[in-house]
A.B. asks: 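Pasting in a structure now, in structure tokens, and then I'll have a few things to ask.
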Amino acid sequence: MELIDGNLQLKEIQKLEGHTDRVWSLAWNPATGVAGIPAMLASCSGDKTVRIWQQTPSGRSSGSWDCKAVLEETHTRTVRSCAWSPSGKLLATASFDATIGIWEQIGNDFECISTLEGHENEVKSVSWNSSGSLLATCSRDKSVWIWEVLPGNEFECVSVLQGHTQDVKMVQWHPSVDVLFSCSYDNTVKIWAEDGDSDDWHCVQTLGEPNNGHSSTVWALSFNSTGDKMVTSSDDLTLKIWGTDRQAMNDGFAPWKHLCTLAGYHDRTIFSVHWSREGVIASGAADDAIRLFVENKDGSIDGPSYNMLLKKEKAHDMDVNSVQWNNTETSLLASASDDGTVKIWEFASVP
């Protein structure tokens with residue numbers, strides 16, 4: 001995709017309505033949208049349900065989206081986060097009722113095949129590792145749990161990670177190595193890795209204000225396609241770019257360092273950030289707008305810098321809680337909002 005400033009637009013393809021409360025989070029099914037399988041998107045909401053949306057196979061981005069299933073009567077409070085396993089066969093959901101639901105598509109229906117309990121209160125986020133063998137969850141109880149996926153859809157908690165001093169907002173596995181990242185109300189991102197000699201997980205690095213980290217709640221993080229850069233978003237109104245040595249990382253843990261800060265673009269909390277495979281960073285914030293950023297390739301001696309490609313004012317009527325690029329159709333972006341809607345956008349050059 002050639003990125004030419006001024007000739008780009010974020011075009012609304014469809015508004016998906018059906019949730020009766022704010023929509024918190026979105027997840028594209030990674031096994032869909034390829035080889036003739038229609039793209040599928042999950043959305044979760046304060047209305048205690050998850051909706052599964054599927055693209056009608058009438059061609060590429062022009063196809064319309066329909067609600068294929070409503071997952072309900074399992075969670076008794078807000079569903080805050082959802083994530084598909086890498087195979088696309090299982091969907092994990094995190095709820096304020098302190099449980100995690102594991103759903104499987106059986107025929108045209110989705111069934112809750114397992115409920116994971118243990119967190120003391122609201123579960124905020126779920127994330128699968130790249131092989132689908134581990135599931136991470138985090139909670140307002142300040143803990144991060146790692147679950148091992150066993151045969152027969154059994155899940156065993158193999159580690160409870162204590163280190164954050166406040167509510168943990170998000171967990172995210174690195175895209176290629178089994179290293180876990182968590183971001184929190186305590187203004188830090190913590191990085192967790194397994195001890196080589198034992199099965200114990202421990203915190204190997206904390207990214208906080210002393211090392212150019214955020215000065216307020218860290219809401220979200222996302223990796224670039226090669227896994228050697230990460231972007232974080234915060235209540236301090238900034239996005240921060242972090243980098244690591246990819247070669248060293250493949251041999252185990254390699255420390256992350258701050259590369260640059262994107263400040264002055266947002267004037268309200270940045271709730272969500274997602275890095276596309278094409279290298280475009282999308283951010284969603286409490287100012288109802290979506291912004292897109294891309295690295296400035298002019299090459300500065302001070303390290304990388306990023307430019308804003310476009311700002312979509314009034315993308316939603318209220319806060320934008322989640323932005324997610326499609327993993328196969330890289331011009332498609334989905335967004336979710338307090339206004340109860342999900343929107344599908346196409347990022348393209350103006351004809």
A.B. asks: Is there side-chain contact between M230 and L207, with at least one heavy-atom pair below 4.5 Å?
C.D. replies: yes

A.B. asks: Identify the heavy atoms of H164 and S184 that sit nearest to each other, and give their distance.
C.D. replies: ND1-CB, 3.2 Å

A.B. asks: For the residue pair L259 and K229, establish whether any side-chain heavy-atom pair is separated by less than 4.5 Å.
C.D. replies: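 The answer is yes; the side chains approach within 4.5 Å.
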
A.B. asks: Between K48 and E73, does any side-chain N to carboxylate O distance fall below 4.0 Å?
C.D. replies: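 No, K48 and E73 are not salt-bridged.
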
A.B. asks: Between D228 and R246, does any side-chain N to carboxylate O distance fall below 4.0 Å?
C.D. replies: yes

A.B. asks: Is it true that a side-chain atom of R291 and a backbone atom of M308 form a donor plus acceptor pair closer than 3.5 Å?
C.D. replies: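 No.
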
A.B. asks: Measuring from W345:CH2 to S331:OG, what's the distance to the nearest 0.5 Å?
C.D. replies: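 Going from CH2 on W345 over to OG on S331, the span is 14.0 Å.
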
A.B. asks: Is the H119-W145 ring centre distance short of 6.0 angstrom?
C.D. replies: yes

A.B. asks: Hey, what do you get for CD (E12) to NE2 (H316), rounding to the nearest 0.5 Å?
C.D. replies: 7.5 Å

A.B. asks: Could you tell me whether the side chain of T341 reaches within less than 4.5 Å of the side chain of H19, counting heavy atoms only?
C.D. replies: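 No - every pair of side-chain heavy atoms lies 4.5 Å or more apart.
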
A.B. asks: Apply side-chain contact (heavy atoms from CB on, under 4.5 Å) to K169 and Y185, showing your working.
C.D. replies: CA-CA 7 Å; K169 295 291 187 192; Y185 199 76; 4.0 Å; yes

A.B. asks: Taking NZ, NE, NH1 and NH2 as the nitrogens, is one of them in K124 or D167 under 4.0 Å from a carboxylate oxygen of the other?
C.D. replies: yes

A.B. asks: With a 4.0 Å cut-off on N to O distance, would you call R22 and D338 a salt bridge?
C.D. replies: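 D338 and R22: salt-bridged.
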
A.B. asks: Does one hydrophobic cluster hold both V280 and L333, with members joined at side-chain heavy-atom distances below 4.5 Å?
C.D. replies: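 V280 and L333: one cluster.
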
A.B. asks: So do K11 and K312 actually touch side chain to side chain, heavy atoms under 4.5 Å?
C.D. replies: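 No; the side chains remain at least 4.5 Å from each other.
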
A.B. asks: Applying side-chain contact (heavy atoms from CB on, under 4.5 Å) to F293 and L239, what does each step give before you reach the verdict?
C.D. replies: CA-CA 10 Å; F293 301 89; L239 299 168; 3.6 Å; yes

A.B. asks: Check the pair W28 / W65 against ring-ring contact (aromatic ring centres under 6.0 Å, His included), numbers first and verdict last.
C.D. replies: CA-CA 13 Å; W28 293 98; W65 300 78; 5.5 Å; yes

A.B. asks: Using the side-chain hydrogen bond (donor to acceptor under 3.5 Å, both in side chains) definition, which of the options H266, K311, H274 pairs with S283?
C.D. replies: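 The passing option is H266.
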
A.B. asks: Can you check ring-ring contact (aromatic ring centres under 6.0 Å, His included) on F181 and W256, steps first, answer last?
C.D. replies: CA-CA 11 Å; F181 294 69; W256 289 74; 5.5 Å; yes

A.B. asks: So, D186 and K190, do they make that salt bridge, N to O below 4.0 Å?
C.D. replies: no

A.B. asks: F271 and W219: ring-ring contact (aromatic ring centres under 6.0 Å, His included), yes or no, with the steps?
C.D. replies: CA-CA 5 Å; F271 291 125; W219 276 91; 4.8 Å; yes

